[in-house]
*Asks:* 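The structure under discussion is supplied below as structure tokens; questions concerning it will follow.
Heavy-atom basis, side chains included; hydrogens, waters and symmetry copies ignored.
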Amino acid sequence: MSNNGEIGHPIIIAGAGIGGLTAALSLRAQGHEIVLMDKARQLSEVGAGLQLSPNACSVLDQLGLLEDLAPYAYAPDFVKIWSAKSGEELARVTMGAFLKERHGYPFWEIHRADLQRVLLERVQATDGISLRLSSEVLDLEASPYDPLTCIFQDDEVTGNLHCKALIGADGVWSKTRRLVPGHEDAHFSGQVAYRATVPIDAVPARWRQDANLWFHKSAHLVHYPVRGGRELNIVGLVEESWKDETWSAKANKETLLKIFRDWPTEVRNLLTIPETWLKWALCSVSAAGPWTHGNIALIGDAAHAMLPFMAQGAGMSIEDAAVLAQHMPQNVDNIPAAFRAFERQRKDRVQHIQGISFKNARTFHYGGAMAFARDTVLRLSKPESLAARFDDIYGWTPGQ
């Protein structure tokens with residue numbers, strides 16, 4: 001593949017989700033022309049809430065987006081941790097003003113659709129970024145003398161477009177990933193996420209402010225406000241096989257309630273409120289695999305989809321976009337080398353956080369003596385010390 005930066009040709013980004021949109025803005029800020037392709041006819045987000053911890057907010061601040069996001073975000077004062085076996089509050093993790101003062105940026109809870117919409121609006125308002133929907137990247141071809149050629153499929157034809165690089169930001173089921181030799185496909189984790197959102201006025205007052213995390217054997221539950229505190233996001237994560245033909249599906253409410261049948265009454269009452277539940281198979285992509293090949297780079301879930309037990313999936317995509325752009329000044333003369341440097345810089349951090357997520361997946365679902373030991377440690381821990389455990393994650397900024 002050519003090492004020439006080919007200033008006159010665009011960078012193509014496959015996937016207009018959170019990572020792809022952030023990468024488009026970050027790379028455009030470096031002076032590159034961007035073509036952003038997505039196979040969807042219309043960009044919509046069926047997911048629910050997510051966390052934007054200070055590390056992710058530091059990137060969004062660099063892009064000038066925090067003010068636009070603020071009306072849709074919610075900053076909890078605490079994460080309250082509960083035993084779903086006894087109904088006892090085990091511990092509190094201090095958030096809110098404590099984390100903002102400690103790291104310089106807020107810890108926000110936000111609906112995925114709101115984050116994607118704000119990013120999309122900024123992309124559409126930015127000269128030098130072209131968004132093409134109903135377009136899926138198929139291949140990337142090169143010769144020793146000509147610019148790269150991206151082969152894509154739209155509604156009508158198979159087309160081609162000269163470019164200088166391809167960024168795969170097309171998610172856990174990435175098609176771009178197959179263009180990177182040696183990278184493995186996504187693997188089902190054996191866990192399923194049941195998700196719903198409801199108006200905040202529909203839930204008891206005690207659940208309208210802080211984030212809440214419930215532990216039980218083989219399952220846990222998270223619920224927290226989103227959309228500026230106007231809705232409550234509820235996620236139940238359970239160990240379960242997956243038998244549906246697609247990786248997301250409508251969920252049966254009675255089936256969900258049966259799963260949580262021996263949980264505290266107040267939890268079961270909360271789960272009866274949503275009329276509609278959706279479920280997702282939780283899949284992961286090992287961060288140990290290769291992320292780059294020549295003028296191709298993978299970011300976000302395409303490179304390292306992780307389980308949501310550290311709430312850093314979106315954060316890692318956003319970080320990836322910022323670091324990739326740092327290695328890609330407008331006059332870059334060796335894109336493969338720049339991509340390799342990006343991968344080297346990012347890999348240890350992402351593997352570390354992916355490892356924490358896998359560990360938490362076990363810890364959250366302990367039973368018996370292991371659950372007793374976990375709960376004892378939590379009872380003895382101070383709220384500030386529990387928050388400080390993640391300084392290495394939350395304290396990251398784009399300059400690092």
Side-chain angles (χ1 to χ4, degrees), residues 13-15 17-23 26-27 50-60 62-63 103 105 107 112 115 165-174 176-189 191 282-293 296-328 336-363 389-400:
I13 300 175
I18 290 169
L21 292 166
T22 308
S26 300
L27 288 163
L50 57 82
Q51 285 79 44
L52 287 176
S53 48
N55 49 304
C57 286
S58 69
V59 175
L60 298 171
Q62 189 178 67
L63 294 172
H103 300 298
Y105 296 96
F107 185 105
R112 184 179 293 269
L115 173 59
L166 171 63
I167 311 299
D170 44 348
V172 65
W173 301 112
S174 171
T176 312
R177 191 190 300 125
R178 63 181 173 79
L179 303 178
V180 179
H183 209 306
E184 297 181 1
D185 291 333
H187 297 282
F188 175 53
S189 67
Q191 307 211 37
L282 298 181
C283 301
S284 64
V285 175
S286 173
W291 302 7
T292 65
H293 176 65
I296 301 171
L298 305 176
I299 66 171
D301 284 354
H304 48 70
M306 58 184 65
L307 301 182
F309 297 95
M310 192 54 221
Q312 285 295 312
M316 292 300 100
S317 297
I318 291 168
E319 286 187 15
D320 282 351
V323 175
L324 181 67
Q326 290 171 357
H327 288 278
M328 289 286 290
F339 283 174
R340 290 193 298 270
F342 153 74
E343 181 176 356
R344 286 194 301 270
Q345 182 175 344
R346 290 293 296 156
K347 207 159 198 174
D348 285 348
R349 175 172 171 80
V350 174
Q351 285 185 280
H352 170 64
I353 293 172
Q354 191 175 63
I356 294 174
S357 297
F358 285 133
K359 181 179 178 181
N360 285 346
R362 297 189 300 270
T363 303
R389 290 183 307 162
F390 304 122
D391 279 353
D392 64 326
I393 298 177
Y394 297 162
W396 182 94
T397 61
Q400 292 179 278

*Asks:* Mind checking whether N55 and R349 have side chains closer than 4.5 Å, heavy atoms only?
*Replies:* yes

*Asks:* Taking C-beta and beyond as the side chain, do D301 and W173 meet within less than 4.5 Å on heavy atoms?
*Replies:* no

*Asks:* Under a 3.5 Å distance rule, please check whether Q51 uses its side chain to pair with a backbone N or O of A311 as donor and acceptor.
*Replies:* no

*Asks:* Look at the side chain of S189 and the backbone N and O of L282, then say whether any donor-acceptor pair between them is shorter than 3.5 Å.
*Replies:* yes

*Asks:* For a quick test of reading the model, state the closest non-hydrogen atom pair linking G315 to A56 and the distance between them.
*Replies:* CA-CB, 4.0 Å

*Asks:* Would you say F358 and S284 make side-chain contact, with heavy atoms under 4.5 Å?
*Replies:* yes

*Asks:* Would you say R177's side chain and V172's backbone share a donor-acceptor pair under 3.5 angstrom?
*Replies:* yes

*Asks:* Locate the shortest heavy-atom distance separating P54 from H103; write the atom from each residue and the value.
*Replies:* CB-CB, 3.9 Å

*Asks:* With the side chain counted from C-beta on, respond yes when K347 and H304 share a heavy-atom pair under 4.5 Å apart, and no when they do not.
*Replies:* no

*Asks:* Rounded to the nearest 0.5 Å, what's the gap from CG on D348 to CD1 on I353? Could you check?
*Replies:* 11.0 Å

*Asks:* For the residue pair A186 and C283, what are the closest heavy atoms and their distance?
*Replies:* CB-CB, 4.3 Å

*Asks:* With side-chain hydrogen bond (donor to acceptor under 3.5 Å, both in side chains) as the criterion, how do Q312 and S357 come out once you've worked through the C-alpha distance, each side chain's angles and the decisive distance to 0.1 Å?
*Replies:* CA-CA 9 Å; Q312 285 295 312; S357 297; over 6 Å; no

*Asks:* Is the closest side-chain heavy-atom distance between H327 and Q345 below 4.5 Å?
*Replies:* yes

*Asks:* Rounded to the nearest 0.5 Å, what's the gap from CG on L115 to CG on L21? Could you check?
*Replies:* 8.5 Å

*Asks:* Do the non-hydrogen side-chain atoms of D320 and F342 ever get within less than 4.5 Å of each other?
*Replies:* yes

*Asks:* Can you name the closest pair of heavy atoms from V285 and A303 and give their distance?
*Replies:* CG1-O, 3.6 Å

*Asks:* Over all heavy atoms of both residues, which pair between G19 and A169 is shortest? Give the atoms and the distance, please.
*Replies:* C-CB, 4.3 Å

*Asks:* Find the distance between NZ (K359) and CD (Q354) and round it off to the nearest 0.5 Å.
*Replies:* 15.5 Å

*Asks:* Could you measure the distance from the CD1 atom of I167 to the OG1 atom of T292? Nearest 0.5 Å is fine.
*Replies:* 10.0 Å

*Asks:* How long is the straight-line distance from CD1 of I356 back to CD1 of I393, given to the nearest 0.5 Å?
*Replies:* 4.0 Å

*Asks:* Answer whether the closest heavy-atom distance between the side chains of V59 and Y105 falls below 4.5 Å.
*Replies:* no

*Asks:* State the CH2-CD1 distance between W291 and I299, to the nearest 0.5 angstrom.
*Replies:* 10.0 Å

*Asks:* Any side-chain heavy atom of L50 within less than 4.5 Å of one from I18?
*Replies:* yes

*Asks:* Heavy atoms only: give me the nearest H293-P181 pair and the separation to one decimal.
*Replies:* CG-CD, 3.5 Å

*Asks:* Start with the C-alpha gap between V350 and M306, add the side-chain angles, then the distance that decides, and say whether side chain to side chain contact (heavy atoms under 4.5 Å, CB included) holds.
*Replies:* CA-CA 9 Å; V350 174; M306 58 184 65; 4.0 Å; yes

*Asks:* Closer than 3.5 angstrom, by distance alone: can the side chain of E184 be matched with the main-chain N or O of G289 as a donor-acceptor pair?
*Replies:* no

